[in-house]
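Here is the structure we will look at.
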Amino acid sequence: MESQLPDFSTTSNDGPGYKHSAAALRVRPPYGRRLAVRSRRRETIDALVFASPWFVGFLIFLLLPFARSLVYSFQSYDILNPPTWVGLANYVQLLHDPRFHTAVANTLFYTVIAVPLEIVVALLLAVLLSRRMVGRSLLTSIFFLPSVITGVAVTFIWKLMFQGDYGLINNILHYIGINGPAWLDNPASSKPALIVMRTWNVGMTMVIFIAAISGLPDELFEAARIDGAGAVRMFRSITLPLMTPAIFYALIINVNNALQLFTEVYALTGRPPLGAPGGPVDSTLVVVLYLYDSAFTFLTMGYASAEAWVLFLIILLITLVQFRAQKRWVHYE
Amino acid sequence: MSRRHAISLLARYFVLVVLAAIFILPFYWMLVTSLKPVNEVFLVPVRWVPKHFAWDNYVIALTNFPFFQYLKNTLLIVALNVTAAILVNPFIAFSFSLLRWRFREPVFLVVLSTIMLPPQVLIIPLFVIFRNLGWLNTYLPLTVPPFFGNAIFIFLLRQFMKKLPFDLLEASRMDGCNNYRLYWSVIFPLVRTPLAAIAVFQFLWSWNDFFMPLIYINDTSRKTLSLGLMDFLAQASSGGFVNWGALMAGAFLALIPCVAVFAFSQRYLATGISLLGVNR
């Protein structure tokens, strides 16, 4: 009797006559297949157990606060009394808040100048360190060290060096005949001081670029050298285009960090114990600094939440623009 | 070696050494200033080596503010954070790298996307949550969340685990090993190298963290080193005069563990970064 039923068995039969019996119509797969399904289910359960800390943390420390902060941004909340609903009032106020405008302008100014500068310096250092040479790892460490030792202590060193009259930097400039400004007390020079200090942190980006350069195929350079290309030409036509993915990655990370800058600004230009003012005439007031003030000094949590969301939207927008723009200039293999 | 080659090599070294000197300068300046008496800190022309060694800057730094208390507090927080990072992240990464389950890839995309979320959006609600839990002014807000994983570390470990030899895992599975035994006995020991990098990163990050302790800790006795240093500056400058020598001594003492960890871990950090950078 030829079977008119489809053959469900894959590895083995459960005995003669199975295919033709009513049992076959229940679509019960043979033993081997059931074992595979059972162990697949166990693997899924195990996988969920292993990932459970992340799931729980995601819900409690991320999703829940994320949703709540949106709600707070539409409320007026001073944490001592329950929040009251104010609708879009916080956002409208932000639109007219000159300090917030200053904060956003300062943050954007810093980002637009510091990030390309960092990338250029990191690129320069990475290229210089790309050949095998004596002392290469020592030099790499020297450049890398400042970028992993961030924070208050290190910022204080710069604060000292930037002191107006006799700080180290002005002292040295004096030798070259330049009269340095009162860096941290002068609104015109406070942001440049911040930028200079942060450029010291290029080490992390530099290391990423070094890794990228070391991944470039040698044959390209060999062929170019045979064709008589000089070092600069090789850099412009080979290294740079092939490094655009790494540059893009560095751009995203550094822009993100720049827009969220807080500790270094607080330590460099904050004047404790007055809280967290942003430097002379608010010249180094960055968004997160203003956010901190709004939330923890003035206890206007709703307003601060609105600020946080505006910052988030700015970051989102800039990141999206970068992702769109990458089609123009990033070469992927 | 051709002459042109030699010149370019020399030029390369020259630029690098000059830049390296500039990069080291702040550290040197911190060290030197910490040993200077008050009258030598701001001298014209620059005094590169102190004439008199003011060792009592260090005495001031250690006694005028509760340095050892701050050190103890910081060590506690850092130890807990590093432990959390080493234990939890490979556990989670195992699920996303070596186990096969239906929604693995989409969920992992969500994990990755959390890296891009700016923490400032979350701190206010988190603050309220912790306040309602009664956790304010304790170390709990600083030490508990790391036990739930860190997306960047999970990503790093997943990259690494995916490269582990497949047949080794299959052989263990075939031996009747369940996934938990597999993880603990086989996988966890194999990820020592990236875990070392993660431990170093977490150490450095937690040690220097200022923002989180600033928000959650109020008692002076519970402050961390970074908060303490800030207080030191506030204290010192309220009189209009800052004892930079003592401040630099404090900064130096606070930075020593970081530099030490960095120096000892050079190899591990390099591995960590290359895992981060190369696969983009």
Side-chain angles (χ1 to χ4, degrees), chain A residues 43-44 46-47 50-51 53-54 56-57 61-62 65-66 68-69 72 79 125 128 139 141-143 145-146 148-153 156-158 160-161 166 168 171-172 200 207-208 211-212 215 231 245-246 249 260 262-263 267 272-273 288 291 295-296 301 304-305 308-309 311-312 315 319, chain B residues 8 12 15-16 19-20 23-24 26 29-30 33 42-44 46 88 91-92 94-96 99-102 111 114 116 118 120-122 124-126 128-129 145 147-149 154 179 204 208 210-211 215 226 229-230 233-234 238 244 247-248 251 254-255 258-259 262 266 273-274 277-278 280:
Chain A
E43 190 166 350
T44 303
D46 285 351
F50 273 100
W54 182 83
V56 174
F61 297 119
L62 213 128
F66 188 66
R68 273 218 179 161
S69 91
Y72 284 153
I79 223 184
L125 287 174
L128 285 173
L139 284 167
S141 303
I142 291 180
F143 293 120
L145 178 64
V148 291
I149 309 220
T150 51
V152 174
F156 280 169
I157 307 179
W158 283 93
L160 172 64
M161 296 198 306
Y166 306 114
L168 183 64
N171 227 316
I172 295 181
W200 195 48
V207 166
I208 293 177
Y249 174 66
Q260 297 173 24
F262 175 79
T263 300
V288 184
L291 200 159
F296 298 106
M301 299 264 172
S305 297
W309 271 85
L311 178 65
F312 177 49
I315 293 181
T319 309
Chain B
S8 96
R12 209 182 261 257
V15 174
L16 279 174
L19 286 175
F23 267 70
I24 285 231
W29 193 241
M30 167 184 66
T33 307
F42 291 118
L43 277 187
V44 179
V46 174
V88 143
F91 195 74
I92 300 173
F94 180 57
S95 168
F96 286 108
L99 293 177
R100 291 156 294 190
W101 47 293
R102 194 160 165 207
V111 175
T114 62
M116 294 294 285
Q120 295 83 23
V121 179
L122 307 175
I124 294 173
L126 277 178
V128 175
I129 292 177
F147 279 100
F148 291 89
I154 295 174
N179 280 319
L204 293 172
N208 292 313
F210 176 72
F211 190 49
I215 295 180
S226 37
L229 264 181
M230 199 62 178
L233 179 71
S238 58
W244 289 103
L247 187 66
M248 285 299 112
L255 286 180
C258 286
V259 180
F262 176 79
Q266 265 304 278
I273 301 268
S274 59
V278 172
R280 285 273 161 169

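Computed from a predicted model, the values in this text were never measured in an experiment. The sequence lines fix the lettering, A, B, ..., with proteins before strands; numbering per chain opens at 1.
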Do you know which of [options] has the most heavy-atom pairs with chain A at a distance under 4.5 angstrom?
options: B:F147, B:W101, B:F96; result: B:W101
options: B:M30, B:R12, B:M116; result: B:R12
options: B:T33, B:I215, B:L19, B:V111; result: B:V111
options: B:V128, B:I24, B:I154, B:V88; result: B:V128

**OP:** Determine yes or no for a side-chain-to-main-chain donor-acceptor pair under 3.5 angstrom, with B:S226 supplying the side chain and A:V152 the backbone.
**Re:** no

Pairs of heavy atoms under 4.5 Å with chain B: top-ranked of [options]:
options: A:L125, A:V288, A:L291, A:I79; answer: A:I79
options: A:T263, A:T44, A:T319, A:D46; answer: A:D46
options: A:F143, A:F312, A:Y72, A:W309; answer: A:F143
options: A:I142, A:I172, A:L160; answer: A:L160

So which part of [X] gets closer than 4.5 Å to some heavy atom of chain B, the side chain, the backbone, both or neither?
X: A:I157; answer: both
X: A:L128; answer: both
X: A:L139; answer: side chain
X: A:I149; answer: both
X: A:F296; answer: side chain

Which pair of non-hydrogen atoms, one from [X] and one from [Y], has the smallest distance, and what is that distance?
X: B:I92; Y: A:P53; answer: CD1-CB, 4.0 Å
X: B:S95; Y: A:A47; answer: OG-O, 2.8 Å
X: A:Q260; Y: B:P118; answer: NE2-CB, 3.4 Å

**OP:** Could I get the full list of side chain to side chain donor-acceptor pair (under 3.5 Å) partners for A:W200, not counting sequence neighbours?
**Re:** none

**OP:** Apply side chain to side chain contact (heavy atoms under 4.5 Å, CB included) to B:M248 and A:F156, showing your working.
**Re:** CA-CA 8 Å; B:M248 285 299 112; A:F156 280 169; 4.0 Å; yes

**OP:** Could you please spell out the steps behind the side chain to side chain contact (heavy atoms under 4.5 Å, CB included) verdict for B:I129 and A:F61?
**Re:** CA-CA 9 Å; B:I129 292 177; A:F61 297 119; over 6 Å; no

Subject >> From CH2 (B:W29) to CG (A:L168), nearest 0.5 Å >> reply: 4.5 Å

Original post:
Roughly how far, to the nearest 0.5 Å, is CD1 of B:I124 from CZ of A:R68?
Top reply: 13.0 Å

Subject >> Set of ring-ring contact (aromatic ring centres under 6.0 Å, His included) partners for B:F211, sequence neighbours left out >> reply: A:F262

Original post:
Given side chains that start at C-beta, do those of B:P26 and A:W158 come closer than 4.5 Å, heavy atoms only?
Top reply: yes

**OP:** Using a 4.5 Å cut-off on heavy atoms from C-beta on, say whether the side chain of B:F23 contacts that of A:L145.
**Re:** no

Original post:
In terms of heavy-atom proximity below 4.5 Å to chain A, should B:S8 be classed as side chain, backbone, both, or neither?
Top reply: neither

Original post:
Which bit of B:L247 comes within less than 4.5 Å of chain A, counting heavy atoms only: side chain, backbone, both or neither?
Top reply: side chain

